[in-house]
Number of protein chains: 2
Amino acid sequence: MSGFMDSRKAAILRAVVDEYVQCAEPVGSSLLARIAGIQVSPATIRNEMNLLEHEGYLTQPHTSAGRIPTDKGYRYYVDTFVSDTNDSDVMQFQSVEEFFTKAHGALAEMFSDTSRLLTNLTNYAAVVTGPSPETVLIRSVQLISLDPKRVLLLMVDSKGAVEKKTLELSIEISESELEVASNFLTRRLRGVPLGSLDEPEPLGEPLVDQICVLAVESLREFQGETESVYIEGASKVASAFDAVDTVRRVLVTLEQHFLVVSLIRDVLSKGQKVAIGSELGIAPLAECSVVVSPYVVEGEQVGSIGLVGPTRMNYPKVLAAVNLVSAGLGKRLSEG
Amino acid sequence: MSGFMDSRKAAILRAVVDEYVQCAEPVGSSLLARIAGIQVSPATIRNEMNLLEHEGYLTQPHTSAGRIPTDKGYRYYVDTFVSDTNDSDVMQFQSVEEFFTKAHGALAEMFSDTSRLLTNLTNYAAVVTGPSPETVLIRSVQLISLDPKRVLLLMVDSKGAVEKKTLELSIEISESELEVASNFLTRRLRGVPLGSLDEPEPLGEPLVDQICVLAVESLREFQGETESVYIEGASKVASAFDAVDTVRRVLVTLEQHFLVVSLIRDVLSKGQKVAIGSELGIAPLAECSVVVSPYVVEGEQVGSIGLVGPTRMNYPKVLAAVNLVSAGLGKRLSEG
DNA sequence: CCTAGCACTCTATTCTATCGAGTGCCAATA
DNA sequence: TATTGGCACTCGATAGAATAGAGTGCTAGG
């Protein structure tokens, strides 16, 4: 067992992945001999494939079938043959470019539209996570009277997102007092990260102070809510697998947003952009791969986009799409 | 052919639907004779079922199988046996009640949480449509300075929803001028329906007037964006059908939000709460039924909720759930 | 080191036979 | 006249056997 990957073995592995991704059927030695740029006989290819199987890169569904890649096989393929540079074809590039120049509107729509764009580009499920609360700064705080005992708290953050909440008061408060409180809060909290809010010093006016305390309390709650996730492409999942069981399992998993978010976070924290099958550590997603990319706004990484498809996916194309969309989103958000 | 539905035939039809909804298998005469409260022999039941088939209420998958209901059969069942009153069981009622008393937060989250509630109650896909722009009144308009030449326009509407847009100015404007404009716009536009905005009379200050015109223009654009749809429960669709093709078709259709919205609108406009299979007039949803209910806020019907499941669904339970949730949502929105 | 040849394995397909659920019809019955 | 037991019939579902073919591993010879 020469547990070592010479260039011919690598070429064969590559060809198996390419072929299987395209046709979804186990690929045999004779097919490879015909197709690939490998000028050796099927018998030689069989020998190599045998080695590749023993080393864990390929597997056989059954004795008399061709080979399909294992997760380890995909991993080698991705690490060796898929470049992370944006060498995508021009058509895609243009459509993405166009999308981001035309796109405007609220942040939430921006994210969900981006998610839809990515799912349509790739035909797999797309995930876009909004900015995490640590990177969000408070820009403005407004208090708007709904009726004498209820006030709407509005917060605008540094990314232009708006959060709101209704405050219930035990006592009545006048519009002018609200204005004082609004101004005080905005002046005091502008530029403060949403993640690190402390109590404001009292102003001396009991009514205003009371509402300020209430407001800061509520602002803290926004911390959790700014964690937003946009997942699109359920129908693509149904197209990607032919066992309805698998479809169900994957969709159920994707509906647990926190799970998807932490999954993406985990992949990124390992410095990876791709995670394959068992690498995900989530049983229902054993047949899935995830491709992720953070996006950068004004030099700062604020969120990430991801893609969930079958392990048997076109990695080069998907990686290019994810890179492109994350770059586009970052650029767009830096401008607006 | 006595093309007339006596009470025994109706009872048999009812039993077929009940049984088929529960077991998903064609039901035969002997099973019915055992189960149902019908005290006649299988032979008699066969005769009745034969009639029901010829009249279009039942059908046979193949000669030697039991019967399953047709769309017409389901329709008769719903019209005859399913009451539209809220006689749901107490457990459900409590959990829904609890949800709506605890629920708070932004309108968008309210809707998507409601959609999730309904999909979890019923195990089918849920749709919640937000208020249509005609019924929305402006409550407050705020202008917030981002930098000297850019201003964030915020609008709060009568339902507590917030819309925002960044305005790009050709000239610089001071914070105090912004405050004047904010106050003017709020005073002038409070209570005006978003659907019918006209130009404000000029105030005399050119800078302020210019930004007011710009703001009103932008407010008009919000009209389209307040039309919101929240669809949840893709994984439930995957569980409801066992043909992956059907799952794919249904999911693709549900992703076309405008289609779903107009579907619900159509059903409601006919004064119906249930539409079954072919009645929907949408080929990919031939195997689906839709249950809808408008919800009422402060006496006015502002939106609707809907449910999409297989024709073979538990209509009484689903109708109760939809009614309950729509009532809860309406009540909650009337308060907040 | 490569490759042609060959025996072998195992799936997928086809065909047949059989089983059994459920029917429609008819004659008997209350 | 309405109901029912009896019965022949239909047809899908299941199982078994035979076949074809794809692809393999191994070996021996270039």
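All values below come from the heavy atoms of this structure, side chains included, with hydrogens, waters and symmetry mates left out. Below, read A as the first sequence line, B as the second, and so on, with proteins coming before strands; counting in each chain starts at 1.
Formation of a donor-acceptor pair under 3.5 Å by the A/R312 side chain with backbone atoms of A/Y20 is found in this model. Within the 3.5 Å criterion, the main-chain N or O of A/T246 finds no donor-acceptor partner in the side chain of A/E287. For B/S115 (side chain) and B/A126 (main-chain N/O), a donor-acceptor pair under 3.5 Å exists by modelled atom type. Between the side chain of B/T70 and the backbone N or O of B/G56 there is at least one donor-acceptor pair closer than 3.5 Å.
Atom CG in A/L51 sits roughly 12 Å away from atom C1' in D/dG25 (whole-Å rounding). In this structure, A/D6 places its CG atom 12 Å from C1' of C/dC1, rounding to the nearest Å. Separating the CG atom of B/L31 from the P atom of C/dG22 is a distance of 8 Å, rounded to the nearest angstrom. If you measure from atom CD of A/E19 to atom C1' of D/dA22, you get 15 Å, rounded to the nearest angstrom. The nearest whole Å value for the distance from the CE atom in A/M49 to the C1' atom in D/dC26 is 15 Å. When rounded to the nearest whole Å, the span between CD of A/E48 and P of D/dC26 equals 15 Å. A/N50 has its CG atom 17 Å from the P atom of C/dT9, to the nearest Å. For the pair B/N47 CG and D/dA2 P, the computed distance is 11 Å after rounding to whole Å.
If you check C/dT3, D/dG25, D/dG5 against the side chain of A/V40, the one that comes closest is C/dT3. In the set C/dT3, C/dC25, D/dG25, C/dC25 carries the atom at the smallest distance from any side-chain atom of B/R46.
Put simply, B/T44 has a side-chain N or O that comes within less than 4.0 Å of OP1 or OP2 on D/dT4. The side chain of B/R8 places an N or O atom within less than 4.0 Å of a non-bridging phosphate oxygen (OP1 or OP2) of D/dT3.
Interface residues of residues 60-70 of chain B facing DNA chain D, ordered by number: B/H62, B/T63, B/S64; criterion, heavy-atom separation under 4.0 Å.
Ring-plane geometry between A/Y315 and A/Y74 is classed as tilted, the angle between the planes lying from 30 to 60 degrees on a 0 to 90 degree scale.
Counting heavy atoms of neighbouring residues, nucleotides and ligands inside a 6.0 Å radius, atom CD of A/Q256 exceeds 12 of them.
Annotation: cation-pi geometry satisfied between A/K72 and A/Y57 (NZ/CZ under 6.0 angstrom from ring centroid, within 45° of ring axis).
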